[in-house]
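Here's the structure we're looking at; comments come further down.
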There are 2 protein chains.
Amino acid sequence: MLKPKPAAPAASAQQRRLQMADIARLAGVSTSTVSRALAGSKLVNDETRQRVLELARSLNYSINIGAQNLRLKQNRTVGVVVPYDPDTRQQLTDPFFLAMLGSLADALTEQGLDMLLTRVDAGQLDAAAQPFDSGRVIGVILIGQWRHHDQLNQLAARRVPIVVWGAQLPQQLYCTVGGDNVAGGALATGHLLQRGRRRIAFLGDINLPEVEHRYQGYCQALRAQGIAPDPQLQVPVSFLPGGGAEGVRELMRRGAAFDAMFASSDLLAMAAINTLRELGRPVPDDVAVVGYDDIELASYFHPPLSTVRQPIAAAGRALVASLLELADGQGAASLQLPTELVLRASA
Amino acid sequence: MLKPKPAAPAASAQQRRLQMADIARLAGVSTSTVSRALAGSKLVNDETRQRVLELARSLNYSINIGAQNLRLKQNRTVGVVVPYDPDTRQQLTDPFFLAMLGSLADALTEQGLDMLLTRVDAGQLDAAAQPFDSGRVIGVILIGQWRHHDQLNQLAARRVPIVVWGAQLPQQLYCTVGGDNVAGGALATGHLLQRGRRRIAFLGDINLPEVEHRYQGYCQALRAQGIAPDPQLQVPVSFLPGGGAEGVRELMRRGAAFDAMFASSDLLAMAAINTLRELGRPVPDDVAVVGYDDIELASYFHPPLSTVRQPIAAAGRALVASLLELADGQGAASLQLPTELVLRASA
DNA sequence: GTGAAAGCGCTAACAT
DNA sequence: ATGTTAGCGCTTTCAC
């Protein structure tokens with residue numbers, strides 16, 4: 001039983017790794033002492049500690065975290081899960097999602113946490129719990145609520161520590177952190193109204209909770225001005241590439257008159273603007289357009305995009321903070337972060 | 001010694017996790033049998049296996065990977081490191097890098113590997129080896145060679161399995177996978193020449209190996225047409241936001257005449273195009289512009305960007321394949337992937 | 001076909 | 001101040 005074949009899977013030819021016993025032997029002390037020295041314990045003689053530390057550093061020895069975790073029953077790794085659509089696989093493509101990943105990486109690093117990144121099939125969302133069930137991570141941050149409310153509730157019911165970026169929904173068992181989509185939608189629409197636009201089209205798939213909230217904000221802003229939302233102007237398009245162009249064409253097909261547009265993502269807005277230009281309807285003169293997210297390229301676009309900024313940096317920190325609370329066995333309240341209107345040339 | 005305080009760090013209130021002994025007890029067998037059943041061993045009775053499997057599934061039990069790895073001396077995790085500039089922290093912002101991350105996530109998932117994502121200070125690149133030294137990962141994929149050739153060589157000399165996305169350099173000890181930047185530069189420049197442009201500006205920081213190669217390709221293409229590269233037209237600008245605008249202004253300041261531009265990234269090209277437009281030099285009529293990378297938004301831009309496409313999907317797979325070879329103790333040859341010219345409206 | 005027991009690399013109570 | 005030893009959750013040899 002003492003010989004797990006030396007040629008372990010994915011580990012055939014490399015030389016044996018250094019371990020604590022080696023350092024101990026070289027330093028002429030026991031492994032306990034090495035362990036204590038490396039942990040900075042007061043119990044070990046200054047001179048001994050120096051010697052051990054020196055040795056470890058010069059040999060690039062680093063404690064085996066797997067073994068340490070096992071012994072200590074601790075863990076400093078957080079799972080980040082990005083569901084992908086089984087058909088397109090295309091979710092990791094949206095710049096907004098990617099920016100969120102960056103923000104998370106920063107927030108985790110700040111807390112001395114590691115990030116285990118996993119993509120899972122959105123249809124099999126329970127797979128998101130696997131890294132937790134197998135003890136690899138203390139909990140999971142999921143980016144991309146999509147339409148998986150029920151599956152997420154099931155995970156939470158199973159007591160998997162999970163925080164989701166997205167909208168807060170009724171009867172929700174899991175913890176969400178998200179932008180204030182209703183306020184964001186109202187902000188964008190309010191601005192267009194203030195500029196005197198009255199026929200404002202809405203682009204986006206309101207089956208997605210976040211988009212639905214943006215649409216609510218849109219309706220609120222209209223009603224505040226005594227305008228009834230016109231279903232003709234509400235075009236359901238997906239976030240996929242092509243959605244923006246498709247949305248504009250659909251509006252034309254309907255023969256709907258419009259002088260402005262609120263797109264539920266910047267990508268959608270950009271594609272829509274391009275299509276409008278092709279159709280001879282210049283932005284912002286003929287049609288004013290506001291996007292959503294404020295991805296970096298929004299400012300590079302022509303015309304520079306007016307948009308609703310999502311609080312990405314704050315989002316990363318908030319997601320991590322909530323997850324730590326959950327992993328600690330506490331409850332964590334869902335959170336809505338403020339959004340902000342960024343005015344550029346497109347509206 | 002038997003009581004590592006039950007309230008372990010970051011693990012206070014949650015209930016004890018299920019483990020193999022629990023399943024064994026419930027199934028009325030020994031842990032050996034459970035282990036075998038879960039591993040699908042032929043040694044265990046069909047009926048027993050069924051019972052164990054059933055039990056494990058219904059309780060969402062999953063083998064503790066940390067313990068398993070320790071015992072088996074195996075590991076299925078790969079480290080992915082993205083260096084950041086200590087000042088700006090802004091490297092995870094370039095859409096190209098982010099797309100590469102997505103591609104890597106896919107390639108790793110395909111191979112049943114997990115991805116541990118770490119950001120490290122570009123000035124302390126030896127920190128990139130930490131996840132390897134501590135046994136968390138079988139090797140490291142580093143995105144962002146920048147100017148850290150020497151530090152990377154040191155890591156490789158220490159026998160850290162590491163694969164770097166970037167350019168192949170003389171006296172290189174580490175393994176690189178990258179696009180063929182010389183060919184890419186020649187492709188872009190050749191196209192501009194073919195369109196009759198003769199005064200082609202080059203935008204980019206040639207201190208970066210990849211950019212330097214693109215510049216070499218640029219020079220080659222010019223010389224092939226009997227044109228000597230004009231230093232006046234070579235503008236060193238960083239990839240940071242603002243670099244594109246700065247580059248164009250610098251050209252104007254120099255009073256350099258130019259009728260085309262090859263920018264070493266799409267972001268640079270977009271910013272340059274916007275600035276050119278502001279200065280009354282429309283693209284492509286007055287100045288033809290070719291970018292580099294073919295990020296998704298290149299096609300959304302106005303005018304849609306002609307650019308050199310980097311083989312992102314292939315890159316992810318190649319990086320993973322090379323890393324597996326290295327981790328396996330074999331050498332891995334550096335690799336150059338073909339690039340391709342994508343013609344749109346900007347040139 | 002199944003179980004007992006040793007040990008993967010580490011930590012910490014206990015002994016000295 | 002340091003060493004001895006048991007055991008974290010798992011796999012596997014060896015014995016039955």
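Chain letters run A, B, ... following the sequence lines, proteins first and then strands; every chain starts at 1. Keep in mind the model is a prediction, meaning the values are calculated, not measured.
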Shortest non-hydrogen separation from A24(B) to S30(B) and the atoms involved: CB-C, 3.8 Å
Are S32(B) and dG3(C) close enough that a side-chain N or O sits under 4.0 Å from OP1 or OP2? no
Does K73(A) make a side-chain N or O approach to OP1 or OP2 of dG7(D) shorter than 4.0 Å? no
Please tell me if T31(B) has a side-chain N or O lying less than 4.0 Å from either OP1 or OP2 of dG3(C). no
dT2(D) C1' sits how many Å from R49(A) CZ, rounded? 14 Å
Contact class for T33(A) (heavy atom, under 4.0 Å): base, sugar-phosphate, or nothing? sugar-phosphate
Could you give the CG-to-P distance, from D22(A) to dG9(C), as a whole number of Å? 9 Å
Looking at K42(B), does any N or O in its side chain come under 4.0 Å of the phosphate oxygens OP1/OP2 on dG1(C)? no
Nucleotide dC8(D), atom P - distance to CD of Q19(B) in whole Å: 8 Å
Of dT11(D), dT12(D), dC8(C), the nucleotide closest to the side chain of L70(B) is dC8(C)
L72(B) has its side chain closest, among dC10(D), dG3(C), dT11(D), to dT11(D)
Does the side chain of Y61(A) get closer than 4.0 angstrom to OP1 or OP2 of dC10(C) through an N or O atom? yes
Expressed in angstrom and rounded to an integer, what is the separation of L43(B) atom CG from dA15(D) atom C1'? 14 Å
Which one, dA6(D), dG9(D), dT2(D), comes nearest to the side chain of N64(B)? dG9(D)
For D46(A) and dA1(D), give me the distance from atom CG to atom C1', rounded to whole Å. 11 Å
Are more than 12 heavy atoms, taken from residues, nucleotides or ligands other than R147(A), located less than 6.0 Å from that residue's CZ atom? no
For A67(B) and for S30(B), locate the closest nucleotide of DNA chain C by heavy-atom distance; then report the residue assigned to the nucleotide nearer the 5' terminus. S30(B)
Among dC8(D), dT11(D), dA1(D), which nucleotide sits nearest the side chain of R71(A)? dC8(D)
Candidates dC10(C), dT11(D), dA1(D) - which lies nearest the side chain of M20(A): dC10(C)
For F132(B), is the NZ or CZ atom of R158(B) found under 6.0 angstrom from the centre of its six-membered ring and inside 45 degrees of the ring axis? no
Mind calculating the distance between CD1 (I23(A)) and C1' (dG9(C)) to the nearest angstrom? 13 Å
With no hydrogens and no angle check, just 3.5 Å: does a side-chain donor-acceptor pair link Q145(B) and Y174(B)? yes
Rounded to whole Å, how long is the line connecting atom CD1 of I63(A) with atom P of dA12(C)? 10 Å
Given dT11(C), dG3(C), dT2(C), identify the nucleotide with an atom nearest to the side chain of V29(B). dG3(C)
If only atom types and distance count, is the side chain of N75(A) paired as donor or acceptor with the main-chain N or O of R136(A) below 3.5 Å? yes
Just N and O in the side chain of Q68(A): are any of them under 4.0 Å from OP1 or OP2 of dG9(C)? no
Among dC8(D), dG3(D), dT11(D), which is the nearest nucleotide to the side chain of R36(A)? dG3(D)
Where do W146(B) and F97(B) land on the ring-ring contact (aromatic ring centres under 6.0 Å, His included) test, with the steps shown first? CA-CA 12 Å; W146(B) 304 107; F97(B) 277 44; 5.8 Å; yes
May I have the distance from N45(B) (atom CG) to dG3(C) (atom P), rounded to whole angstrom? 11 Å
